[in-house]
Every structure is written in C-alpha cells, then in structure tokens.
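Some notes on the structure that comes next.
Remember, predicted model here, so these are calculated numbers, not experimental data. Letters A, B, ... mirror the listed sequences (proteins, then strands); counts begin at 1.
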Number of protein chains: 4
Amino acid sequence: MQGKTTDKRGEILDAAKAAFAERGFARARIADIARKISMGHGTFYRYFNNKLDIFFSVLDGIFADIARVVADEDPSSTNSLEEYRGQILRVGRRLYGMFLADDRLAQIIFYEAPGVDPELDRRMDEVSAAINRYTEAYLQNGIQKGFLRRGLDARILAKAVDAMIFAGLRDLSASRDKEREAERWLDAVCTLMLEGMGTGRNNA
Amino acid sequence: MQGKTTDKRGEILDAAKAAFAERGFARARIADIARKISMGHGTFYRYFNNKLDIFFSVLDGIFADIARVVADEDPSSTNSLEEYRGQILRVGRRLYGMFLADDRLAQIIFYEAPGVDPELDRRMDEVSAAINRYTEAYLQNGIQKGFLRRGLDARILAKAVDAMIFAGLRDLSASRDKEREAERWLDAVCTLMLEGMGTGRNNA
Amino acid sequence: MQGKTTDKRGEILDAAKAAFAERGFARARIADIARKISMGHGTFYRYFNNKLDIFFSVLDGIFADIARVVADEDPSSTNSLEEYRGQILRVGRRLYGMFLADDRLAQIIFYEAPGVDPELDRRMDEVSAAINRYTEAYLQNGIQKGFLRRGLDARILAKAVDAMIFAGLRDLSASRDKEREAERWLDAVCTLMLEGMGTGRNNA
Amino acid sequence: MQGKTTDKRGEILDAAKAAFAERGFARARIADIARKISMGHGTFYRYFNNKLDIFFSVLDGIFADIARVVADEDPSSTNSLEEYRGQILRVGRRLYGMFLADDRLAQIIFYEAPGVDPELDRRMDEVSAAINRYTEAYLQNGIQKGFLRRGLDARILAKAVDAMIFAGLRDLSASRDKEREAERWLDAVCTLMLEGMGTGRNNA
DNA sequence: GATGAATGAGATTTCATTCAT
DNA sequence: TATGAATGAAATCTCATTCAT
C-alpha cells in the first residue's frame with residue numbers, strides 16, 4: 001500500500017524486535033537498531049517518535065499476532081469434550097508454532113517487556129485479560145453444552161488455563177526439542193483441563 | 001548476629017525492596033533508597049557493591065521466603081488425594097498469605113525483575129525449576145501411592161501446576177477482595193489438578 | 001525582473017520572516033518555513049545557502065526598508081526648528097507606520113536578531129551607525145543654520161535621539177492603541193530634542 | 001552563610017556569565033562552563049537544573065545589580081533642576097561604572113539575552129518597565145516641584161530617557177576611551193532632558 | 001564508619017544539510 | 001527544478017560510583 005515507507009518501517013521494527021530480545025529495552029540502543037539495517041540512526045526518528053514508541057509498536061505487533069491466533073476459533077462451535085480438546089490443540093499448536101518460529105517473541109513478552117513502562121504493563125494486562133475472557137467463553141460454552149461440569153469457577157479457571165498455556169510458551173524457549181516439548185505441553189494442559197490428574201478413586 | 005551491621009543491611013534491603021517495587025530497577029535511584037532511611041547514599045556502598053548487587057539480594061530474600069514455604073512440607077507424606085489436596089491448600093495458603101502480606105513481592109517478581117540482567121533471569125529460571133522439581137516430587141509420590149494416574153507427564157504437569165499457582169499470585173495483586181480471590185484460586189487449581197473440568201461423560 | 005525565481009525567493013523570504021518572528025532563529029526550522037508555502041524543504045537550498053543566509057537576507061530586507069525611509073529626506077533642507085520638527089515627524093511617522101504595518105519587524109530586530117551571529121551583530125551595529133550618521137547630519141545642519149545650539153555633542157546626541165526613536169518602535173509592538181501611542185512617542189521625542197523638559201527657570 | 005556551596009555556585013555563575021557573553025546562549029556549552037573552572041560537567045547539575053536555569057540566574061544577578069543602582073536614590077529628594085541633574089549624573093555614573101567594570105553585562109543584556117526564551121523576554125521587559133516607572137517618578141517629582149514643565153507626557157518621556165541611558169551603555173561596550181565616552185553620554189542625556197537642543201529662538 | 005560533593009560515561013534526540021531521483 | 005528520505009554531528013542531562021573528609 002504505502003510501498004517503501006512501510007517496508008522501511010517494517011525493517012526497523014524487525015531490527016528493533018531483535019535488539020530488544022537480545023539486550024532488553026534499557027540496554028538496546030537506537031544506534032544498534034539502526035546499525036543492524038545499515039541506517040543512520042537519525043533516520044529512526046523519521047519512523048518512530050522515540051525509543052518507547054517503537055517498543056510499544058513491537059509489542060502491538062506481537063499482541064496482534066497472538067490475537068489473530070486466539071480469535072480464529074469460535075468459542076461456541078464445540079459440542080463435546082472431544083471437539084473441545086481438538087479445538088484447544090488447534091489453537092495451542094498455532095500459538096506454539098508462532099512462538100517456535102520466532103524465539104524473540106517469548107523473550108520480549110516474558111522477559112523484556114514487564115516493568116519497562118507502567119502504561120505498557122497496563123496494556124499487557126489488558127491483552128491478558130482479553131485472552132482470559134476468550135477462554136472463559138470457551139468454558140461457559142462447555143458448561144452450557146454439558147461437557148464441562150456445572151459450578152466451575154469459570155473466570156478463575158480461564159486464567160489458570162491461560163497461565164498454563166503461556167507457561168508452556170515460556171518454557172519452550174529454553175527447550176531443546178521444541179516441537180516434541182510443545183506437544184507434551186499441549187497434552188499436559190489438555191489432561192489437566194479435561195480430566196485432572198486424580199485416579200477418580202478418591203478413597204485413600 | 002552481626003549486630004548493627006545486620007540491622008542496617010536489613011534496613012537498606014527493605015528500603016530497596018520498596019524502591020524497586022515502586023519504580024522498577026532502572027528508575028529506582030540509589031539516592032532514593034538512601035533517602036528513605038535517612039542515610040547518606042555513599043553509605044550504601046559500605047553494605048552493597050552496586051545497584052545490581054542489592055537487586056540480587058532483594059530477590060534472594062524473596063526466593064528464600066518462597067523456598068521456606070515450599071520446602072516446609074514433605075512430598076512423600078501424603079497417601080491419598082484428600083491428603084494431597086490438604087497439602088496443596090496448606091502450601092498455597094501460606095504462599096498466598098505471604099504475597100498478600102507484602103504487595104511488593106508480586107510487583108518485583110512478576111514485573112520488575114524480568115529482563116533486568118541475564119544472570120538474574122537465569123537465577124529466576126533456576127528457582128522456578130527448583131520449585132518445579134519439588135512439585136514433580138509431589139506428583140511422583142501421588143502416582144506411586146496410586147492416587148494420581150499412572151502415565152502422567154509429571155515433569156511438564158509440575159510446571160503447569162506451578163504456573164497456575166504463580167498466575168494466581170500475580171492476579172491477586174490486582175484484586176480487591178484478595179483473601180476471597182485467593183481461596184477461589186486455590187480451589188480452582190485443586191479442581192484442575194485433581195478432577196479437571198470435564199463431566200467424565202466423554203460422549204459427544 | 002527575474003520572473004518566477006524572484007517570486008519564489010520572495011515567498012520564501014516572507015515565510016522565513018514570519019517563522020523567525022514567531023519562533024526566533026534557533027527554534028525556527030527550515031522545514032517550517034518550507035511548509036508555510038507548501039514547498040519541499042529541499043527546495044529551500046536552491047534559493048538560499050543555509051539558515052543563516054536567509055536570516056541575513058531577511059534582515060537585509062528590513063534594513064533596506066528602514067534605510068529607504070530614513071534616507072528619503074534631505075538633512076540640509078530644513079532651515080528652522082519648526083521645519084526640523086516637521087521633518088522629524090514626517091520621517092518618524094513613516095518609520096512607525098512601517099513597523100505598525102508589520103509586527104514582525106520589531107520582533108525580529110529587537111528580540112530575535114541580537115546574538116544570533118557575531119557577524120550579524122556587527123552588521124546591525126553598522127546599520128545603527130549609518131542611521132546615527134544621518135541623524136548627526138541633521139543636527140549639524142541645525143547647528144549651522146543656527147536653530148540648534150552651538151557646542152552640542154552632535155555625535156552622541158544623534159545616537160541618543162535614534163535610541164529614543166527605536167525605543168518607541170520597540171514599545172509600540174507591546175501597545176494596544178498603537179497609532180495613538182506612536183503619536184505620543186513622536187511628540188515626546190520632539191519635545192526632548194527641541195525643548196527638553198526643564199522649565200527654563202533654573203533657579204532652585 | 002552557606003560557605004562552600006555558595007562559593008561554588010558563584011564560581012559557576014561567573015564562568016557561565018563569561019561563556020554566555022562570549023558565545024551566546026545557544027553556542028555556549030555546559031561543558032565549556034565546567035571546563036573554565038576545571039569542574040566535571042556533571043557537577044553543574046548539582047547547582048543548576050539546566051542550561052536555561054543558569055541563564056536566568058545570570059540575568060537575575062545582573063537585574064539585581066541594576067536595581068540596586070537605580071533604587072539607591074530617592075525620586076522625591078530633588079528640588080531643582082540643578083539637583084536633578086546631579087542626581088541623574090550620580091545614578092548614571094554608577095550605572096555606567098558598573099557596565100564599564102564588566103564588559104559582559106552589556107554583551108549579555110543587549111546581545112545575548114533577547115530571543116532566548118519567551119519567559120525571559122517577558123522578564124526583561126518587566127525589568128525595563130520597573131526602571132521606567134522609577135524614572136517616571138523622578139519626572140513627576142520634577143513637575144510637582146515645578147522645575148520640569150507641566151503637561152509633559154511623563155510615561156513616554158520616562159521610557160525615552162531610559163532608552164537613551166541604555167543606548168549609552170550599549171554604545172560604551174564598543175568604545176575605546178570608555179570613561180570619556182561615558183561622560184559625554186551622561187552629558188548629552190542631561191542636555192536633552194533638561195534643555196533640549198533648540199536655541200530657544202523658535203523663529204525661523 | 002558515614003557522608004555527599006564531584007565525576008564522566010553514555011544514550012537520546014534534533015534538525016540543518018545533502019543528494020539521488 | 002523540486003523533492004523529501006537519509007544522515008550524523010552535536011549537546012543536554014542522568015545517576016551510579018568514587019573518595020576525601
């Protein structure tokens with residue numbers, strides 16, 4: 001659409017993403033970002049207002065990517081535990097695939113972004129909350145359809161489930177055999193969600 | 001033990017904990033910390049080598065507190081799901097109580113510490129891993145004792161469970177009725193761990 | 001004369017005059033000037049060498065306007081105090097009229113130009129000196145013709161008189177009823193020049 | 001009173017006064033000021049908030065010096081033209097003496113301060129106005145006592161007189177034999193104020 | 001031990017100017 | 001001739017750390 005301008009902006013964003021992932025917000029220098037793409041560092045300021053501005057932009061991009069994956073499924077479309085499990089795995093695999101494809105995402109989201117700026121912390125919490133609401137809608141659907149138990153604390157459970165999924169994303173970035181580890185995580189999350197770990201024999 | 005020195009060191013640590021929680025590592029100034037306890041900021045360097053040093057010390061203190069709570073129970077002491085649930089709740093309540101008693105813990109652990117220093121990130125991951133191992137021991141005990149299902153991916157599930165518990169700690173800091181919210185979190189985590197959310201009727 | 005080029009140059013000069021009056025030399029940006037006339041800011045450099053160059057040009061224009069007004073009268077044409085007063089008022093009214101018609105002149109001359117560049121300061125002093133010499137010629141004429149007292153320190157008095165006239169110009173830019181204020185200034189200057197403020201009764 | 005601190009602050013102020021007089025506000029660098037007194041440039045910021053802050057401080061000092069000279073006489077103490085002339089000469093000589101003793105004053109006041117900052121321009125105008133009011137009080141006293149003519153436009157004339165005095169100050173800084181030139185200026189100003197330049201024979 | 005004045009490395013940001021198109 | 005994207009010099013300001021007292 002905007003041709004070159006967009007390309008350059010995208011180029012800078014990508015270099016910044018790398019710089020922030022490598023060094024964190026405080027230690028990454030504008031000059032580093034510029035050097036990565038052989039650009040005068042003054043040029044940076046033609047595309048972004050300041051350092052915080054581009055950090056927000058990098059994160060907005062990541063948030064948008066996550067939102068796209070999460071919002072791609074319809075919470076009310078599943079009618080059984082089995083279908084639900086399938087849906088979880090589908091979303092999970094796409095999400096995990098996205099993070100596997102780009103190491104920098106986990107680094108930035110989990111390590112570099114927190115604490116940089118109060119407004120950014122707020123925005124991250126907002127994104128979390130939005131995802132939580134989405135997950136809660138899935139749970140409500142399951143309760144309504146009868147394949148999830150009545151009386152579940154859907155609001156809290158949604159947060160708990162999301163926390164597990166994101167813990168997996170974080171854990172992955174430190175793993176060797178990432179694909180296999182991802183599968184194990186998705187499997188474990190499904191297990192906990194649907195069946196728990198108990199034998200059912202609640203006798204002692 | 002060491003009399004005054006220890007007191008002063010503790011005083012500085014406490015002021016630093018507050019400063020780091022309020023402003024984050026980068027924005028907290030050594031002079032701020034000193035001013036909080038009416039101390040010349042030069043004196044700071046008699047007790048700590050540098051800014052990063054005290055940040056590590058603050059976090060070591062928090063880690064130790066957490067470890068004390070976590071390690072207070074014996075993983076092999078439970079023999080039934082019911083006992084296990086009791087144990088989870090006991091540990092959980094102490095952990096949640098600790099974070100409820102001091103807002104700064106969650107702020108520092110979840111928002112301010114990540115990304116400050118690679119070595120610190122490593123150490124936090126280490127602490128996480130230690131807790132994970134502990135949790136895994138609980139799970140292994142349950143499997144052995146037969147009240148948790150065979151074939152569970154204990155390593156991953158331990159991480160997933162811990163992630164939920166820590167997500168609750170983070171969530172709490174933003175809540176109003178913290179005590180009640182804490183109970184809901186513990187309840188939800190127990191539910192997922194032991195029973196999952198499914199109705200068991202896996203018919204579709 | 002030179003057609004389009006001259007027009008464009010004039011357009012730029014006018015935009016620059018406005019920009020310098022509004023923001024001062026340091027804060028006015030070349031891009032501002034260009035934007036005012038919907039011109040690419042690179043084009044600026046086809047007409048002027050650099051920022052200082054156009055500032056000099058703006059001031060040269062103002063100096064030329066002033067010179068035209070001042071030099072319009074013949075210092076030796078007056079033969080009486082009354083004629084001299086008339087001449088002062090004529091020149092004064094044209095000068096004040098010029099500054100009243102364009103607020104930017106006073107702003108630039110009195111507030112923005114000083115201190116920008118040593119060479120420019122020198123040039124302004126030169127213009128002042130030229131005006132002073134002109135005024136001195138008037139005084140010398142009056143002394144010769146006998147309607148000004150012998151023994152006057154014409155060189156200094158010329159500067160003093162010019163200082164008053166320019167103080168009026170500066171003062172005007174802050175006034176409400178500028179026309180009326182201008183008349184009061186001219187009147188006051190004439191009074192001081194020709195009669196002073198004393199009652200003549202130099203008894204004590 | 002405050003011992004060393006005051007000394008250092010004074011030292012910095014003096015170095016800054018020199019730097020601003022030599023290079024002007026924009027071109028003077030904080031590092032220059034610091035180097036002049038063999039001080040680390042970071043130290044500067046222990047005594048002044050920023051560059052503009054010290055410029056204001058330098059000017060406040062100059063304003064205070066001027067005010068002290070101007071306010072040292074009582075406007076209502078003179079009863080005759082002769083006494084008034086004496087008073088003008090006394091104040092004038094002190095003022096001129098002050099500027100003769102320190103070249104930098106005229107340079108800063110007349111060349112470097114204007115246009116640096118709108119607030120500063122306002123403050124300079126305020127100082128001017130205060131001096132004008134003082135002068136006006138002298139004139140009103142003279143009118144009341146009868147040694148200045150009734151019907152004079154005291155407000156404007158006060159400004160005109162002050163303009164001459166300050167023009168002399170400015171002119172002095174470019175002169176060779178400054179003492180002699182100062183006397184000529186004071187003499188000329190007195191002449192214009194009290195007697196004007198006319199022969200009195202307003203016949204043609 | 002305690003203090004706080006002094007230090008200077010270091011990074012952001014601005015904007016006049018250039019130059020390829 | 002006109003354009004505006006790109007450039008990088010330059011200077012402010014912060015604050016952890018040192019060290020003389």
Discussion item. Applying the Watson-Crick and G-U wobble criteria at under 3.5 Å, what pairs with E:dA20? Answer none if nothing qualifies.
Written reply: F:dT3
Discussion item. Can you measure C:Ile33 atom CD1 to E:dA16 atom C1' for me and round it to whole angstrom units?
Written reply: 11 Å
Fill in: Whole-Å gap separating C1' (E:dG8) and OH (D:Tyr45)
13 Å
Worksheet item: Base, sugar-phosphate alone, or nothing: which one does A:Ala28 contact when heavy atoms must sit under 4.0 Å apart?
Response: sugar-phosphate
Worksheet item: Which base sits across from E:dT12 as a Watson-Crick or G-U pair, both distances under 3.5 Å?
Response: F:dA11
Worksheet item: Would D:Asp32 and D:Arg27 pass as an ion pair if we require N to O under 4.0 Å?
Response: no
Worksheet entry | Short side-chain N/O contact from C:Arg46 to OP1 or OP2 of F:dT1, under 4.0 Å | no
Discussion item. Between P on F:dT1 and OH on C:Tyr47, what's the gap in Å once rounded to a whole number?
Written reply: 7 Å
Worksheet, complete the sentence: To the nearest angstrom, the CG-P distance between C:Asp32 and E:dA16 comes to 8 Å
Fill in: Rounded distance (Å) that lies between atom P of E:dA5 and atom CG of D:Asp7
14 Å
Worksheet item: For DNA chain E, whose closest nucleotide is more 5', that of A:Arg29 or that of C:Gly42?
Response: A:Arg29
Fill in: Rounded distance in Å - CZ (A:Phe20) to C1' (E:dA11)
13 Å
Fill in: Any D:Thr43 side-chain N or O less than 4.0 Å from OP1/OP2 of E:dA5
no
Worksheet, complete the sentence: Atom NZ of B:Lys51 and atom C1' of F:dT18 are separated, to the nearest Å, by 17 Å
Discussion item. Does A:His41 contact F:dA9 through a side-chain donor or acceptor facing the base, at a distance under 3.5 Å?
Written reply: yes
Discussion item. On DNA chain F, does the nearest nucleotide to D:Asn50 precede the nearest nucleotide to A:Gly40 from the 5' side, or the other way round? Give the residue.
Written reply: A:Gly40
Donor-acceptor contacts under 3.5 Å from residues 109-118 of chain D side chains, at least two apart:
unit_1: D:Tyr111; atom_1: OH; unit_2: C:Asp125; atom_2: OD1; d: 3.2
unit_1: D:Tyr111; atom_1: OH; unit_2: C:Asp125; atom_2: OD2; d: 3.2
unit_1: D:Glu112; atom_1: OE2; unit_2: D:Gln107; atom_2: NE2; d: 2.9
unit_1: D:Asp117; atom_1: OD2; unit_2: D:Glu119; atom_2: N; d: 2.9
unit_1: D:Asp117; atom_1: OD2; unit_2: D:Leu120; atom_2: N; d: 3.2

Discussion item. Reading DNA chain F from 5' onward, which residue's closest nucleotide shows up sooner: D:Ile30 or B:Phe44?
Written reply: D:Ile30
Worksheet item: Once you round it to whole Å, what is the distance between P of E:dA16 and CZ of C:Arg35?
Response: 11 Å
